[in-house]
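Structure first, commentary second.
Computed from heavy atoms alone, side chains included, the values below leave out hydrogens, waters and symmetry copies.
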Amino acid sequence: QVQLVESGGGLVQAGGSLRLSCAASGRSFSSYTMGWFRQAPGKEREFVARISWNGGSPYYVDSVKGRFAISRENSENTVYLQMNTLKPEDTAVYYCAAQYKTTGSRVGEYDYWGQGTQVTVSS
């Protein structure tokens, strides 16, 4: 069991930046692939980025490649999502998620979820 708490969301203008953080409580954080998802009103939850248990294999949805960067600090039990050059279409609730010892990009593959943090990008 692991609990995830996101922070760092807010309101920014298009072209701005935010860094989201996800703090994990519980054991064996380093055993989890960590992912970020987002969900806009009326839409399905969408994969954004993931990073493997050892910090390798970062992977991004095409729409954020070159703008977002996922990283993790296992010693801090924290995963980050640096978001640059934000666009209005990035507006969503962003969720941190954990997948035990496996790597995937689908909602159903993740075992634990945070409560979400709102990101709003104004035009």
- Task: Look at the side-chain heavy atoms of Ile, Leu, Val, Met, Phe, Trp and Tyr, link any pair under 4.5 Å apart, and say whether L18 and L81 land in one connected group.
- Result: yes
- T85 (side chain) donor-acceptor with R67 (main chain) under 3.5 angstrom: no
- Query: Taking side chain as C-beta onward, heavy atoms only, is Q1 less than 4.5 Å from D111?
  - Reply: no
- Drop me the distance from M83's CE to S17's OG, to the nearest 0.5 angstrom. 8.5 Å
- Message: Main chain of R106, side chain of E109: is a donor-acceptor contact present, judged purely on distance under 3.5 Å?
- Response: yes
- Query: With a 4.5 Å limit on heavy-atom distance, are the side chains of T117 and V93 in contact?
  - Reply: no
- Cluster question for you: counting only ILVMFWY and a side-chain heavy-atom cut-off of under 4.5 Å, with indirect links fine, are Y80 and W113 together? no
- Query: Closest approach of I70 and P58, non-hydrogen atoms and distance?
  - Reply: CG2-CB, 4.1 Å
- Message: How close do G9 and V119 get, counting heavy atoms only, and between which atoms?
- Response: CA-CG2, 4.1 Å
- Query: How close do T78 and S21 get, heavy atom to heavy atom, and via which atoms?
  - Reply: CG2-CB, 4.4 Å
- For Q118 and L11, what are the C-alpha separation, side-chain angles and deciding distance, and is it a side-chain contact (heavy atoms from CB on, under 4.5 Å)? CA-CA 8 Å; Q118 178 71 48; L11 173 64; over 6 Å; no
- Message: Distance check, rounded to the nearest 0.5 Å: S30 atom OG versus N77 atom CG?
- Response: 8.0 Å
- Message: Could you tell me if E46 and Q39 have a donor-acceptor pair between their side chains, going purely by distance under 3.5 Å?
- Response: no
- Item | Test log, rule side-chain contact (heavy atoms from CB on, under 4.5 Å), inputs V48 and F68 | CA-CA 9 Å; V48 177; F68 290 12; 3.8 Å; yes
- At their closest point, which heavy atom of Y60 faces which heavy atom of A49, and how far apart are they? CD2-CB, 3.5 Å
- Query: V5 and I51: same hydrophobic cluster, using ILVMFWY side-chain contacts below 4.5 Å?
  - Reply: no
- Please determine, by modelled atom types, if R50 and Y59 share a side-chain donor-acceptor pair under 3.5 angstrom. no
- Between T102 and T33, is a side-chain contact (heavy atoms from CB on, under 4.5 Å) present by the stated rule, with each step listed? CA-CA 6 Å; T102 56; T33 290; 5.8 Å; no
- Item | Side-chain H-bond candidate by donor/acceptor type, S52 with T103, under 3.5 Å | no
- Item | Check: Q99 side chain, G35 main-chain N or O, donor-acceptor pair, under 3.5 Å | no
- Message: Looking at Q3, I want to see if its CD is surrounded by more than 12 non-hydrogen atoms of other residues, nucleotides or ligands under 6.0 Å.
- Response: no
- E6 side chain to C96 backbone, donor-acceptor under 3.5 Å: yes
- Message: Strictly distance-based, threshold 3.5 Å: is any side-chain N or O of Y110 a donor or acceptor partner for the main-chain N or O of S105?
- Response: no
- Note on the structure: Between L4 and Y112, the two heavy atoms sitting closest are CD1-O, 3.6 Å
- Between D62 and K65, is there a side-chain N and carboxylate O pair less than 4.0 Å apart? yes
- Taking every non-hydrogen atom, the tightest pair across P88 and A14: CD-CB, 4.1 Å
- Distance in Å, S63 OG paired with K87 NZ, rounded so as to fall on 0.5 Å steps: 8.0 Å
- So, S31 side chain and F29 main chain: donor-acceptor pair closer than 3.5 Å or not? no
- Query: With F37, which of F47, Y94, Y95 fulfils ring pair (Phe, Tyr, Trp, His ring centres under 6.0 Å)?
  - Reply: F47
